[in-house]
Amino acid sequence: MPVVMARDLEETASSSEDEEVISFLDHPCIMWTGGCRRIPVLVFHADAILTKDNNIRGIGERYHLSYKIVRTDSRLVRSILTAHGFHEVHPSSTDYNLMWTGSHLKPFLLRTLSEAQKVNHFPRSYELTRKDRLYKNIIRMQHTHGFKAFHILPQTFLLPAEYAEFCNSYSKDRGPWIVKPVASSRGRGVYLINNPNQISLEENILVSRYINNPLLIDDFKFDVRLYVLVTSYDPLVIYLYEEGLARKYNWKMGNTMDKRRLPIYVQVL
């Protein structure tokens, strides 16, 4: 929620000039927080794309809210913002309320943001999304809070830096291991091995002990996606979407993941 809009809404809330003011105080796209309803939060409605409700568009149009999309093609995001009255500005413009970018911003760009400008990436959020950084952070948490509290990963090595340690463990347990690129997604570049000689050390990879008896759905391996929105790290505020997504897929020894996935929607309780 841009601070400029927040200030305008606070001024509106303190007056009682006409019925339009009252309508904005009780607008379906505004949720008030804080004491005496002083902090407005903008709520986006997905069905606004279909309904094209002028009342919903009124918020963005009234407060001249704008956005820009940089280094990505987010058609759904563009449609949602347009349906709520935001107007798009050029990617090089500095006059905007929201920047939606496909990459992480450099520190010097983050320092130039005003209070009224928001971006879709927290600084260093890749510490959770990159496999190598996530692994190192889990190890750090194990050292801080104990191994039992964070015993959530099989034995793992980062190669090529820990290649000698991996070979030592392999000599004791020759079972299959799974190899993953540290900064990839959608199963790209993932494969299984039975021998260290099958590994290419030309790029950074993560190697984990393969779980031989995993939980299956209809004899298929699966992953579960839970969608969350983190609006603040300090204090930590996380919103969990009420539905998740489970995807079944098939592994072939020595090959990448079979791309034919069967979606299963699950209810998160």
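All of these numbers come straight from a predicted model, not from anything done at the bench.
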Quick check: do Leu158 and Asn204 have side-chain heavy atoms less than 4.5 Å from each other? no
For atom CG of Asp219, is the number of surrounding heavy atoms from other residues, nucleotides or ligands below 6.0 Å larger than 12? no
Return the set of residues passing ring-ring contact (aromatic ring centres under 6.0 Å, His included) with His151 (not counting sequence neighbours), or none when no residue passes. Phe147
Supply the atom-to-atom distance Ile199 CD1 to Asn195 CG, rounded to the nearest 0.5 angstrom. 8.5 Å
Distance in Å, Ile69 CD1 paired with Thr101 OG1, rounded so as to fall on 0.5 Å steps: 10.0 Å
Between atom CG of Leu153 and atom CG of Leu134, what is the distance when rounded to the nearest 0.5 Å? 6.5 Å
If we check side chain to side chain contact (heavy atoms under 4.5 Å, CB included) with Arg209, which of these qualifies: Phe157, Tyr170, Trp177? Trp177
Taking the side chain as every heavy atom from C-beta outward, state whether Gln117 and Asn97 have any atom pair closer than 4.5 Å. no
According to salt bridge (charged side-chain N to carboxylate O under 4.0 Å, His left out), does anything in residues 76-104 pair up with another residue at least two apart or in another chain? List the pairs. Arg78-Glu88
Considering non-hydrogen atoms only, spot the tightest contact between Asn212 and Pro176 and give its length. OD1-CG, 3.5 Å
Are Pro196 and Phe166 packed together at the side-chain level, in the sense that at least one heavy-atom pair is separated by less than 4.5 angstrom? yes
Sole candidate of Thr156, Val207, Val190 that passes side chain to side chain contact (heavy atoms under 4.5 Å, CB included) when paired with Ile178: Val190
How far apart are the closest heavy atoms of His121 and Ser125, and which atoms are they? ND1-OG, 4.1 Å
Shared hydrophobic cluster, Val237 / Leu229 (ILVMFWY, side-chain heavy atoms < 4.5 Å): yes
Step by step, would you call Leu159 with Leu201 a side chain to side chain contact (heavy atoms under 4.5 Å, CB included)? CA-CA 7 Å; Leu159 274 54; Leu201 299 179; 3.9 Å; yes
Going hydrophobic residue to hydrophobic residue with side-chain gaps under 4.5 angstrom, can you get from Leu128 over to Ile238? yes
Minimum heavy-atom separation for Ser74 and Trp100, please, with both atom names. OG-NE1, 3.3 Å
With a 4.5 Å cut-off on side-chain heavy atoms, are Tyr163 and Glu165 touching? no
Which ILVMFWY residues can you reach from Ile211 by hopping between side chains whose heavy atoms are under 4.5 Å apart? none
So which pairs with a foot in residues 133-157 pass salt bridge (charged side-chain N to carboxylate O under 4.0 Å, His left out), sequence neighbours left out? Glu127-Arg133
Does any non-hydrogen side-chain atom of Cys29 lie less than 4.5 Å from one of His45? yes
Nearest heavy-atom pair of Ser169 and Gln155: which atoms, and what distance? OG-NE2, 3.1 Å
Taking all atoms of both residues into account, what is the closest heavy-atom pair of Leu206 and Val182, and its distance? N-CG1, 4.1 Å
NZ on Lys180 to CZ on Arg188, rounded to 0.5 Å: 14.0 Å
Compare every heavy atom of Pro154 with every heavy atom of Ser208, then report the nearest pair and how far apart it is. CB-CG, 4.1 Å
Linking I/L/V/M/F/W/Y whenever any side-chain heavy atoms sit under 4.5 Å apart, do Leu216 and Tyr210 land together? no
Any side-chain heavy atom of Leu42 within less than 4.5 Å of one from Tyr63? no
Measure the acute angle between the ring planes of Phe44 and His84, then classify it against the limits of 30° and 60° as parallel, tilted or perpendicular. perpendicular
Counting only N and O atoms by type, is there a donor-acceptor contact under 3.5 Å from the side chain of Ser171 to the main-chain atoms of Asn168? yes
Side-chain heavy atoms under 4.5 angstrom apart, residues restricted to Ile, Leu, Val, Met, Phe, Trp, Tyr: same cluster for Leu215 and Leu226? yes
Under the side chain to side chain contact (heavy atoms under 4.5 Å, CB included) rule, what do Tyr239 and Val228 come out as? Steps first, then yes or no, please. CA-CA 5 Å; Tyr239 295 90; Val228 300; over 6 Å; no
Mind checking whether Tyr126 and Ile138 sit in one hydrophobic cluster, side chains of I, L, V, M, F, W, Y counted as touching below 4.5 Å? no
Are any side-chain N or O atoms of His104 and backbone N or O atoms of Pro123, one a donor and one an acceptor, separated by less than 3.5 Å? no
Quick one: CD1 on Ile80 to CZ on Arg75, what's the gap to the nearest 0.5 Å? 14.0 Å
Relative to each other, are the rings of Phe150 and His145 parallel, tilted or perpendicular (30° and 60° limits)? tilted
Judged by modelled atom types alone, do Asp53 and Asn55 share a side-chain donor-acceptor pair under 3.5 Å? no
State whether the side chain of Lys68 and the backbone N or O of Ser93 hold a donor-acceptor pair below 3.5 Å, judged by distance alone. yes
Tell me who clusters with Val70, hydrophobic residues only, linked when side chains sit under 4.5 Å apart either directly or through other members. Val89, Tyr96, Met99, Leu105, Phe108, Leu109, Leu110, Leu113, Val119
Of all residues at least two apart in sequence or in a different chain, which pass the ring-ring contact (aromatic ring centres under 6.0 Å, His included) check with Tyr227? none
Approximate separation, where rounding is to 0.5 Å, of Arg57 CZ and Thr51 OG1: 10.5 Å
